[in-house]
Number of protein chains: 2
Amino acid sequence: MEHTGRVKMADVARQAGVSVATVSKVVNGRYGVAQSTLDRVQQVISDLGYEASLGASSLRSHRTHVVGILVAEFEPFSTELLKGASDAIGSTEYELLAYSAGGRRADVGWERRYLSRLGGTLIDGAIIVTPTVVDARGVIPVVAIDPHTGPSGLPTVDSDNFAGGVMATEHLLALGHRRIGLMGGRPDLESARLREAGFRSAMASAGLPVDETLVVNGGYRPETATQPARDLLDRPDRPTAVFAANDLSAIRTVEIARELGLHVPRDLSVIGFDNVPESALCDPPLTTVSQPLRDIGARALQLLIDLLAERDVPTHLRLPTALVERASCRPLG
Amino acid sequence: MEHTGRVKMADVARQAGVSVATVSKVVNGRYGVAQSTLDRVQQVISDLGYEASLGASSLRSHRTHVVGILVAEFEPFSTELLKGASDAIGSTEYELLAYSAGGRRADVGWERRYLSRLGGTLIDGAIIVTPTVVDARGVIPVVAIDPHTGPSGLPTVDSDNFAGGVMATEHLLALGHRRIGLMGGRPDLESARLREAGFRSAMASAGLPVDETLVVNGGYRPETATQPARDLLDRPDRPTAVFAANDLSAIRTVEIARELGLHVPRDLSVIGFDNVPESALCDPPLTTVSQPLRDIGARALQLLIDLLAERDVPTHLRLPTALVERASCRPLG
DNA sequence: ATGAAAGCGCTAACAG
DNA sequence: CTGTTAGCGCTTTCAT
């Protein structure tokens with residue numbers, strides 16, 4: 001019977017001697033099937049290892065019990081969120097589909113295109129990670145994690161980026177640093193804006209002016225942080241400490257420092273943001289501001305599930321940040 | 001024009017004054033469309049933000065340029081592979097879809113069911129992570145990572161688990177440990193079998209018998225490792241060192257040790273396997289045997305792409321393991 | 001309780 | 001060059 005390709009509903013129907021309509025009913029647990037038929041069909045289903053094609057069934061039913069998590073790329077940040085979402089999905093009736101077109105196609109507007117590609121059919125709802133173009137008038141319920149600046153109209157979960165920025169800066173200040181560089185994040189993201197605002201606020205509170213030549217844009221990614229890190233460090237009046245807006249650019253900063261013959265933390269203190277697991281792998285282990293990334297992913301998933309169940313949900317969840325001291329910062333002197 | 005739901009091909013066709021067939025041709029870059037029509041349709045597509053539904057188009061065309069990575073759960077191991085696959089996909093024409101039904105539905109045979117659910121339509125090929133039921137006669141090309149014991153017939157990528165097991169054990173031996181516990185992995189996985197074989201081989205080479213009461217099954221997961229860890233440690237003749245078959249169960253072992261008032265590494269040395277980023281986050285940072293997880297993911301993806309292009313591929317890639325010394329082991333005495 | 005038939009959004013012949 | 005016509009595998013009325 002191993003003819004061609006995967007087993008489809010028609011194969012099950014034939015083998016069980018019923019119509020596909022009947023098989024569909026038992027697969028979907030509809031009423032109106034005799035117990036004997038039901039048993040027989042289920043037997044054939046398990047014998048053949050049949051499972052309905054997600055593509056086909058979703059096309060027709062528009063209810064799939066699958067939720068999507070749409071990311072530009074699977075990197076340490078988004079995969080932490082994914083772990084959290086995966087933890088949370090266990091207690092629901094849903095399955096999880098994570099989608100990325102790969103870095104290259106992650107141009108402006110990717111979130112809208114992904115949504116169009118998967119929404120309406122394959123997935124019942126979506127979590128979008130760091131969307132820039134937010135398009136509230138959606139077809140399916142959407143929750144945003146760490147979105148673009150400004151009110152999006154989308155339910156959002158993020159963490160207290162401003163407080164985190166203050167925290168990081170105050171830590172450096174408390175260690176005696178005064179000449180502090182800022183490697184900013186993606187300027188199109190609210191999180192980056194707030195972390196920088198926190199930095200400036202803490203500097204101002206300390207009565208310190210911000211040297212704008214010490215403010216660069218690291219773009220949140222190792223590749224985009226490389227040159228800015230050189231600009232910051234390869235100069236006689238380099239800062240004694242750098243606050244990088246996320247761990248990936250902080251880690252790259254540490255690497256560039258080493259390339260330039262600078263020892264971290266002896267010659268340069270570096271603090272990051274996010275507390276992705278990779279930050280502990282860094283040499284030296286990175287001092288950073290943690291966001292509860294897994295929890296953010298789990299909360300976003302729960303929010304989405306509530307949305308799908310048409311329950312009332314908060315439109316914005318903000319989770320706390322905290323200082324994690326490791327070995328990349330030390331007192332000046 | 002914002003009537004109902006997502007914009008579909010018919011909407012584009014209407015707006016551009018052509019048939020859906022023509023729109024399909026321009027979307028898929030087929031020949032036989034006048035330049036002026038092409039321009040007009042493309043304009044409408046970008047105005048409307050149209051993107052073809054993956055569900056619908058795949059149902060018909062059986063070629064999607066999407067590859068799947070099928071996992072039981074998104075945890076540190078599978079997400080490292082995912083990062084590697086994501087790195088590698090950037091240089092291809094493919095997009096990446098990662099799928100998990102959540103822990104609960106990850107029963108025996110999940111890999112076959114996922115494949116049935118997504119294969120044939122949504123995805124052109126798949127990477128399956130730690131499959132138990134290997135079913136070579138597939139509809140779509142499949143690459144296995146760290147599969148079930150025995151020859152599967154599937155192209156496989158894994159690492160040198162035996163050598164890694166030897167390495168971990170010899171490290172403990174070199175530190176003077178003689179009474180060494182083994183927390184084994186999932187017995188249905190070749191990797192776990194080989195790591196244990198490496199352990200036994202190293203013990204034998206050292207002329208040491210294996211105390212079978214010190215061999216437990218941790219099942220690779222924190223939840224399943226908890227009780228075995230207690231069994232191993234909560235007794236007067238407990239081992240002075242434990243080799244855990246993966247980092248997650250090693251980390252849990254460290255936690256249980258602490259619960260029991262044991263200090264790691266003073267009272268107990270623990271070594272893991274995998275070198276997931278979380279192992280560095282452990283307190284104390286975990287000494288472990290690294291597998292090049294991201295590279296494994298990238299290689300598996302490349303293998304799959306080659307398979308899809310009908311290029312000749314190696315049927316088995318084995319990558320090296322290496323000892324990573326951190327702080328969870330110390331000399332006995 | 002069961003099956004026939006229509007159709008989800010799209011692609012692939014084939015006509016025109 | 002363009003449109004018409006069939007389905008892809010499944011769900012869903014609606015008859016029987």
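Remember, it's a predicted structure, so these values are computed and weren't measured experimentally. Order of the sequence lines fixes the chain letters, A, B, ..., with proteins taken first and strands second; residue numbering starts at 1 for each chain.
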Q: Without decimals, in angstroms, what is the distance between L122(B) CG and dT11(C) P?
A: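 Value for this atom pair: 14 Å.
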Q: Measure from CE on M9(B) to P on dA12(C) and round the result to the nearest Å.
A: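 In whole Å, dA12(C) P lies 10 Å from M9(B) CE.
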Q: Which nucleotide, dT11(C), dC8(C), dC1(D), lies nearest any side-chain atom of H62(A)?
A: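 It is dC8(C).
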Q: Check this for me, if you would: do R117(A) and E95(B) make a salt bridge, where the nitrogen-to-carboxylate-oxygen distance has to be below 4.0 angstrom?
A: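 The answer is yes: the pair qualifies as a salt bridge.
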Q: Nearest heavy atom decides the nucleotide; on that basis, is L59(A) or V20(A) closer to the 5' end of DNA chain C?
A: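 Nearer the 5' end of the strand: V20(A).
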Q: Side chain of S57(A), heavy atoms from C-beta onward: which of dC10(D), dT12(D), dT4(D) has the nearest atom to it?
A: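 For S57(A), the side-chain atoms sit closest to dC10(D).
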Q: How do V27(A) and S19(B) order along DNA chain D: which one's closest nucleotide is nearer the 5' end?
A: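 The residue mapped nearer the 5' terminus is S19(B).
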Q: Rounded to whole angstrom units, what separation is found between the CG atom of D39(A) and the P atom of dT2(C)?
A: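 Rounded to whole Å, this separation is 11 Å.
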Q: Nearest to the side chain of A56(B) - dT11(C), dG9(C), dT2(C)?
A: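 Nearest to the side chain of A56(B) among the choices is dG9(C).
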Q: State whether S61(B) places a side-chain N or O below 4.0 Å from either non-bridging phosphate oxygen (OP1 or OP2) of dT11(C).
A: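 Result: no.
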Q: What integer distance in Å separates E51(A):CD from dG9(D):P?
A: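 Answer to the nearest Å: 16 Å.
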Q: How many whole angstroms separate atom CZ of R63(A) from atom C1' of dC8(C)?
A: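 Those two atoms, CZ and C1', are 17 Å apart.
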Q: Starting at atom CG of N28(A), determine the distance to atom P of dT13(D), rounded to an integer number of angstrom.
A: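 To the nearest whole Å, that distance equals 12 Å.
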Q: What is the separation between atom CZ on R14(A) and atom C1' on dC10(D), rounded to the nearest whole Å?
A: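 Atom CZ in R14(A) sits about 15 Å away from atom C1' in dC10(D).
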Q: Say you pick atom P in dA6(C) and the same atom in dT5(D); how far apart are they, in whole Å?
A: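 Taking atom P in both dA6(C) and dT5(D), they lie 15 Å apart.
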Q: Which is true for A21(A) with a 4.0 Å heavy-atom rule: it touches a base, it touches only sugar-phosphate, or it touches nothing?
A: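 Base, at least one base atom sits under 4.0 Å.
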Q: Between the side chains of E73(B) and K83(A), is the shortest nitrogen-to-carboxylate-oxygen separation below 4.0 Å, so that they form an ion pair?
A: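 Salt bridge flag = no for E73(B) with K83(A).
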Q: Check whether any side-chain nitrogen or oxygen of R30(A) sits under 4.0 Å from OP1 or OP2 of dT11(D), and answer yes or no.
A: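 For dT11(D), neither OP1 nor OP2 has a side-chain N or O of R30(A) closer than 4.0 Å.
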Q: Hydrogens and angles aside, do S191(A) and Y220(A) bring a side-chain donor and acceptor to less than 3.5 Å of each other?
A: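 The answer is yes; a qualifying pair exists.
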Q: dT2(D) and dG9(C): how far apart are their P atoms, nearest whole angstrom?
A: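 25 Å, rounded to whole Å.
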Q: Between the side chains of Q15(A) and D11(A), does any donor sit under 3.5 Å from an acceptor?
A: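 Per modelled atom types, Q15(A) and D11(A) side chains form no pair under 3.5 Å.
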Q: Report the nucleotide, chosen from dG9(C), dT2(D), dC10(D), that has the shortest atom-to-atom distance to any side-chain atom of A52(A).
A: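 Out of dG9(C), dT2(D), dC10(D), the nucleotide with an atom closest to A52(A)'s side chain is dC10(D).
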Q: OP1 or OP2 of dC10(D) versus the side-chain N and O atoms of Y50(A): is any pair under 4.0 Å?
A: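 It does, given that an N or O in the side chain of Y50(A) lies less than 4.0 Å from OP1 or OP2 of dC10(D).
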Q: Just N and O in the side chain of T22(B): are any of them under 4.0 Å from OP1 or OP2 of dG3(D)?
A: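 Yes, such a contact exists.
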Q: Could you tell me the separation between the NZ atom of K8(B) and the CZ atom of R14(B), rounded to the nearest 0.5 Å?
A: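 Output value for this atom pair is 9.5 Å.
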Q: Can you check whether R6(B) has a side-chain N or O nearer than 4.0 Å to OP1 or OP2 of dC10(C)?
A: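 It does, given that an N or O in the side chain of R6(B) lies less than 4.0 Å from OP1 or OP2 of dC10(C).
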Q: If only side-chain N and O atoms count, and only distance matters, is there a donor-acceptor pair under 3.5 Å linking T121(B) with S58(B)?
A: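 No.
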Q: With nearest nucleotide decided by heavy atoms, which residue, Q35(B) or S53(A), maps closer to the 5′ end of DNA chain D?
A: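 Upstream on the strand: Q35(B).
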Q: With a 4.0 Å cutoff (strictly under), does any side-chain N or O of T37(B) reach OP1 or OP2 of dT2(D)?
A: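 It does, given that an N or O in the side chain of T37(B) lies less than 4.0 Å from OP1 or OP2 of dT2(D).
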Q: Return the nearest nucleotide to the side chain of V33(A); candidates are dG9(D), dT2(C), dG9(C).
A: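 Closest nucleotide among those given: dT2(C).
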Q: Answer yes or no: does a side-chain N or O of R60(B) lie under 4.0 Å from OP1 or OP2 of dG9(C)?
A: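 Result: no.
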Q: Send over the distance from K25(A) NZ to dT13(D) P, rounded to a whole Å.
A: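 Roughly 11 Å, once rounded to whole Å.
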